[in-house]
Amino acid sequence: MCATMTDSARDRDRLDETRLRDRVLANPEPALRWGAVAFVLVAVEFGALAGGLLLLLDATVIGVTALVEVILGAFSPSAGEAVYAAQQAASGFLDGLRSAAGNVPTLLSRETIPNEGYKTGPNGPWEGTFLGLQPAAAWAIRLVLVYLYAAVVFYWLYRGWLVFRDHYRQVDWTPRDDVVDRLRDHRWGQFGIVVVLVFVTMALFAPALGPTTVEQNIQSPYSHEIQYYDAESGSVETVYVGDANFNSKSKGQGDQNVGPMTYDDYGRFHPFGTLTNGRDLFTFSVAGARISMMIGGLSIVLASLLAVIASMTSAYYKGLVDLVTILLADGITSIPGLLLLLMVGMAFQGHWLTGVLHGGFLYAVTFGIILFPGLWRSVRGPALQVSEEEWIDAAKSFGQRPRTTMRKHMLPYVLPYLLVYGSMTVGGVIISMAALSFIGSGLGINPPTPAWGRAIDMGRNYVSTQSWHIALIPGILIVVLVTGLNAFGDGIRDAIDPESEGGGEEEAAAGGAAG
C-alpha cells in the first residue's frame, strides 16, 4: 500500500510538471520576456552574484563538514582528520572559483566606478577616480546605482511570481494571493520589507558599497599603498594605508577626528567618519552587516529546522515522543542563554571551530540550539491542530508514509507561523552578537573582522565628544535593522491572519520580555 501511494504521488508530480511545461510552450511570450530581462540583470553583475553564491556555498560546506568532523572525531580521530582534509580541499577549490569570479568585470564594481584617487595639485583635478570626479561624488554614484540595481532585481523576482500566477498556474486563486494583497496595504509591514531589503543589499554588495575594501583598509593595511597630494612638499606622495590610518584616528581630542561625510589628510572620503584606529567606519559597518546577517540567518535556519522536525513529529506521534520533546526543550530553556554563549565562547578559545566564519559558525550553532525551544513552542500548537484534521486521518488510513504526510499536509500549515516567529526572533540574535563583540575578551566575532558591537565598544568613551559617530552610527544600524525585522514579522502575521491585526501590542510586549 505504501509503495502504491508513493508511486501515485510521483505520478502526480510528473503530471504537474508536464502540465506546466505544456502551458509554457502554449504561451511562451510572458516567460521569455521575463527571462530575457532576468538574464540581463544577472549578466551585468555575474561576477558579484557568483562570488556571493560561492561564499554562501563555502560557508555551508564548512558548517556541514565541521559538524561531521566533530561527530566522527569523537569516535575516530583519524576519520575526523580525513573529513577536515576534505573540507580544506573543498574550501580551497571554492576560494579559487570565488577569486576567479571576483576578477570578472561587472557594471557596478569598484574597478568600473572607482572612487579612490589623488589630487594632482592644490586645486588640480582628481586622478584615478570615475570621470575625474571627487571621491565623494564617485562613491555616491556607485552607491545609488547598486541600490537601484538591487531594487530592480527584487521587483523583477516579484514580477516573476506574478507572471507565473497570471499565465502558468493551474488554479486561479490560492490563499497566498490574499496574503500578498493584504501585505500591499500593510504600511508597517512594507516598512519592514524595505528595511530588510536595504540591509540584505548591504550584506550582498558590501565590497562594492564601501569607499574602500576590508582587505585594504582593515585586514592588511600595511600591504597596500595609496597616493595623495602633500601640500607641504607640493607633490604627489605614496604612503602605506596603515600609516594613513594611524594619522586619521577619531579620538575626540583636538584635531584627532575625521567625522561623517569628510575627507582625511590623504584625500580619502569617509561617509561615516573613521574609527579610533583610523579605519573607515562605513566599510567596517557594511562588512559587519554581512557577518551579522549571515550568523542570524544560519542560526534561525538551524533553529527552524529543529523546530519543524520536532513539532511535526511530536504532533503526529504524540504520546511518548511529545513528552520527550517537551523534556528536551525544557532542559535547553533551563540554561540561561547568555551564560551558555559565554561558556561556549570561553571554552572554545583557540579551538579550530573559532576560525570557521570568523568565529560566527560556533555562535550560530549555539543560537540555533538556544532558539529551538521557543520556535518549537510557537509552531507546536498549529502542528497539533492540523494533526487532528480529517485529511490527516484519511492519509493514515490509506497507508501514506508519515514523512510524506508531514511534508505535504502538515508542513504548509506550519511554515507561515514559523516565518512570522522566525523573522521576529532573528533580531535578538543580531543584538546578542553585538553584545558579545561589545564585551570582547575573546568573545564574539574574531578581530579584525568587522563587528558592530566592537565599533560601539571602541566609541563608547567618545559619545559626548566630536567623535560621537563611532558608537552612535553602528547603534542606529542595529536599531533600524531589528525594528525592520519586527515590522516584517508583524506584517506577515497580519497578512496570514487578518484577525490578529491591531492586537499585536500585547504579543509584542510578551516577545520583548522573552528576549
Side-chain angles (χ1 to χ4, degrees), residues 59-60 62-64 66-67 69-71 74 203 287-307 310 328-378 421-458 460 471 474-475 477-479 481-482 485-486 510-515:
T60 303
I62 291 175
V64 172
L67 289 177
E69 182 181 354
V70 170
I71 296 173
R290 166 174 284 192
I291 192 68
S292 296
M293 298 196 71
M294 185 177 295
I295 294 173
L298 285 174
S299 61
I300 212 66
V301 166
L302 176 59
S304 300
L305 182 63
L306 294 175
L328 176 62
D330 288 343
I332 296 175
T333 306
S334 65
I335 305 175
L338 180 58
L339 177 61
L340 182 59
L341 290 169
L342 294 175
M343 290 172 57
V344 169
M346 299 302 294
F348 282 87
Q349 281 189 354
H351 195 275
W352 64 269
L353 272 176
T354 58
V356 181
L357 295 182
H358 311 288
F361 174 75
L362 187 62
Y363 286 106
V365 173
T366 307
F367 274 116
I369 296 173
I370 292 173
L371 297 176
F372 150 67
L375 287 180
W376 169 72
R377 287 191 177 90
S378 300
Y421 289 102
S423 62
M424 299 179 72
T425 303
V426 69
V429 177
I430 294 173
I431 293 175
S432 298
M433 281 305 305
L436 290 172
S437 298
F438 177 84
I439 294 173
S441 301
L443 301 174
I445 302 301
N446 302 333
T449 304
W452 286 339
R454 189 175 302 117
I456 296 174
D457 178 48
M458 295 171 66
R460 61 178 174 173
L477 292 177
I478 294 173
V479 171
L481 176 56
V482 174
L485 289 168
N486 289 336

Between atom CG of Leu306 and atom CG of Leu371, what is the distance when rounded to the nearest 0.5 Å? 10.5 Å

Determine yes or no for a side-chain-to-main-chain donor-acceptor pair under 3.5 angstrom, with Tyr363 supplying the side chain and Leu341 the backbone. no

Any chance you could measure Leu436, atom CG, to Ile445, atom CD1, to the nearest 0.5 Å? 9.0 Å

Could you tell me if the side chain of Ile478 sits less than 4.5 Å from the side chain of Ile456, heavy atoms only? yes

Do you know which two heavy atoms are closest between Arg460 and Ala471, and how far apart they sit? N-CB, 4.1 Å

So which atom in Ala303 and which in Gly368 form the shortest heavy-atom distance, rounded to 0.1 Å? CB-O, 3.4 Å

Test item: Ser437 side-chain N/O and Ala434 main-chain N/O as donor-acceptor pair under 3.5 Å: no

Is there side-chain contact between Leu328 and Trp376, with at least one heavy-atom pair below 4.5 Å? no

Euclidean distance, Leu485 CG relative to Ile430 CD1, rounded to 0.5 Å: 5.5 Å

Distance-minimising heavy-atom pair for Ile295 and Ala364: O-CB, 4.0 Å

Can you tell me how far the CZ atom of Phe367 sits from the CE atom of Met433, to the nearest 0.5 Å? 6.0 Å

Quick one: salt bridge (Lys or Arg N to Asp or Glu O under 4.0 Å) pairs with a partner in residues 358-373, sequence neighbours left out? none

Drop me the distance from Ile370's CD1 to Ile335's CD1, to the nearest 0.5 angstrom. 8.5 Å

CG/Leu340 to OG1/Thr366 distance, rounded to the nearest 0.5 angstrom? 6.0 Å

So which heavy atom on Ser334 is nearest to which on Pro336, and how close? O-CD, 3.5 Å

Would you confirm whether Arg454, through its side chain, and Pro448, through its main-chain N or O, come within 3.5 Å as a donor-acceptor pair? no

What one should report as the nearest heavy-atom pair of Ile291 and Gly288 is CG2-O, 3.2 Å

